[in-house]
There are 2 protein chains.
Amino acid sequence: MNDSIKPTDSELEILQHIWEFGPSTVRQINEALSAKREIGYTTTLKLMQIMASKGILVVDKSERTHIYQAVLKQEETQQQLVDQFLEAAFGGSAKKLVMQVLGNKKPGKRELEEIKVLIAKLEGGES
Amino acid sequence: MNDSIKPTDSELEILQHIWEFGPSTVRQINEALSAKREIGYTTTLKLMQIMASKGILVVDKSERTHIYQAVLKQEETQQQLVDQFLEAAFGGSAKKLVMQVLGNKKPGKRELEEIKVLIAKLEGGES
DNA sequence: TAAAAACTACGAAACTTTTCGTAATAAATG
DNA sequence: CATTTATTACGAAAAGTTTCGTAGTTTTTA
């Protein structure tokens with residue numbers, strides 16, 4: 001049931017690009033990564049091939065230029081990542097993580113409003 | 001200035017024990033870890049020695065049984081971890097992370113209250 | 001005091017991740 | 001059509017992480 005994945009940091013960089021721009025080619029991703037740091041084309045290719053073999057990405061090979069897309073939805077993956085991070089870094093306490101983030105990253109007024117709305121909803125929809 | 005560390009998952013398990021119980025011996029930590037998973041004593045020892053060599057832990061060798069403690073405060077380390085995680089998994093958006101955590105972990109009423117208090121403080125202390 | 005238990009040190013194996021070079025092939029270009 | 005460019009496949013090196021065995025000491029125990 002619990003096929004919890006564990007993308008590495010490099011893999012997350014790739015996922016983030018796919019989340020933002022949709023199914024992508026090796027070249028597109030390599031160009032995005034190259035903007036941030038030096039990385040060879042075949043390095044990116046290999047990373048993506050490994051991600052496919054792990055079942056993180058799925059490949060469309062119908063054309064010569066392969067197209068990679070994510071198997072899981074962004075939200076599913078992020079949820080797993082949050083769960084793992086919460087456990088590893090905050091002993092599982094969601095409250096501590098939220099307080100830490102709010103206290104130190106200081107979101108703007110508008111974002112705080114959205115968060116308050118969500119909290120109100122959570123308190124209203126009493127479980 | 002920015003000596004950003006990157007503890008591995010094993011290292012975080014060890015840090016969490018030290019955060020909770022204070023400076024510890026290898027035996028104490030090994031017993032805690034052993035409760036969760038199988039791990040040999042010398043494995044734990046080696047991990048802690050490596051953490052010391054990386055500057056994550058500092059060792060008191062004045063007695064035969066060495067005592068290890070964390071170099072950075074829990075909050076400092078967690079802040080760095082949050083920063084890195086935010087960047088790697090949520091493209092740096094604190095709001096998205098908070099919304100995701102609140103939405104899926106559903107903290108209890110009391111915890112939500114604490115969070116609201118913090119938000120009120122953040123909104124009051126207008127920047 | 002002899003044997004057992006507790007510790008540290010150290011090397012190295014097994015894995016994983018990251019990186020890239022080389023080769024083979026297909027497509028585009030001059 | 002010959003050459004350059006784009007693409008995938010593959011192997012392997014380099015670096016980092018995790019694991020543990022063995023050896024050498026010191027301490028405790030029978």
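Since we're looking at a predicted model, the values are computed, not measured. Just so it is clear: chains get the letters A, B, ... in the order the sequence lines come, proteins before strands, and each one is counted from 1.
- With contacts defined as side-chain heavy-atom distances shorter than 4.5 Å, the pair B:L33/B:S10 does not qualify.
- Within 6.0 Å of atom CZ in A:R110, 12 or fewer heavy atoms from other residues, nucleotides or ligands are found, so the atom counts as exposed in its surroundings.
- Residue B:N30 contributes atom CG, which lies 14 Å from atom C1' of D:dT18 at whole-angstrom precision.
- In this structure, the side chains of B:H66 and B:Q49 stay at 4.5 Å or more apart for every pair of heavy atoms.
- Between the CD1 atom of B:I50 and the P atom of C:dT8 there is a distance of 15 Å, rounded to whole Å.
- To the nearest angstrom, C1' of C:dT17 lies 8 Å from NZ of A:K54.
- Hydrophobic clustering (ILVMFWY, side-chain heavy atoms < 4.5 Å, transitive): B:L118 and B:I115 are in one cluster.
- A rotation axis mapping the C1' atoms of four pairs onto the next four is fitted at both ends of the helix from C:dT1-D:dA30 to C:dG30-D:dC1 over five pairs, and the angle between these axes is 0° to 10 degrees.
- Residues A:V82 and B:F85 have side chains in contact (heavy-atom distance under 4.5 Å, counting atoms from C-beta outward).
- No side-chain heavy atom of A:I56 sits less than 4.5 Å from a side-chain heavy atom of A:V71.
- Phosphate proximity of D:dT18 to B:T43: absent, as no side-chain N or O sits under 4.0 Å from OP1 or OP2.
- The interatomic distance linking B:I5 (CD1) with D:dG16 (P) rounds to 16 Å, in whole Å.
- Applying the 4.0 Å criterion to OP1 and OP2 of D:dT17, one finds that B:T8 has every side-chain N and O outside that range.
- Between A:Q69 and A:L57 the shortest side-chain heavy-atom distance does not fall below 4.5 Å.
- For the pair B:E11 CD and D:dT18 P, the computed distance is 6 Å after rounding to whole Å.
- Residue A:I56 contributes atom CD1, which lies 13 Å from atom P of C:dT16 at whole-angstrom precision.
- Here D:dT18 presents its P atom at 15 Å from CE of B:M48, a figure rounded to the nearest Å.
- For B:K95, the NZ atom sits in a packed shell: over 12 heavy atoms of surrounding residues, nucleotides or ligands are nearer than 6.0 Å.
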Each nucleotide in nucleotides 2-10 of chain D should get exactly one letter: B, S or -. Can you fill that in based on protein heavy atoms under 4.0 Å? ----BBBBB
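- Contact check for A:L15 versus A:P7: side-chain heavy atoms found under the 4.5 Å cut-off.
- Between the CZ atom of A:R37 and the C1' atom of C:dT17 there is a distance of 12 Å, given to the nearest Å.
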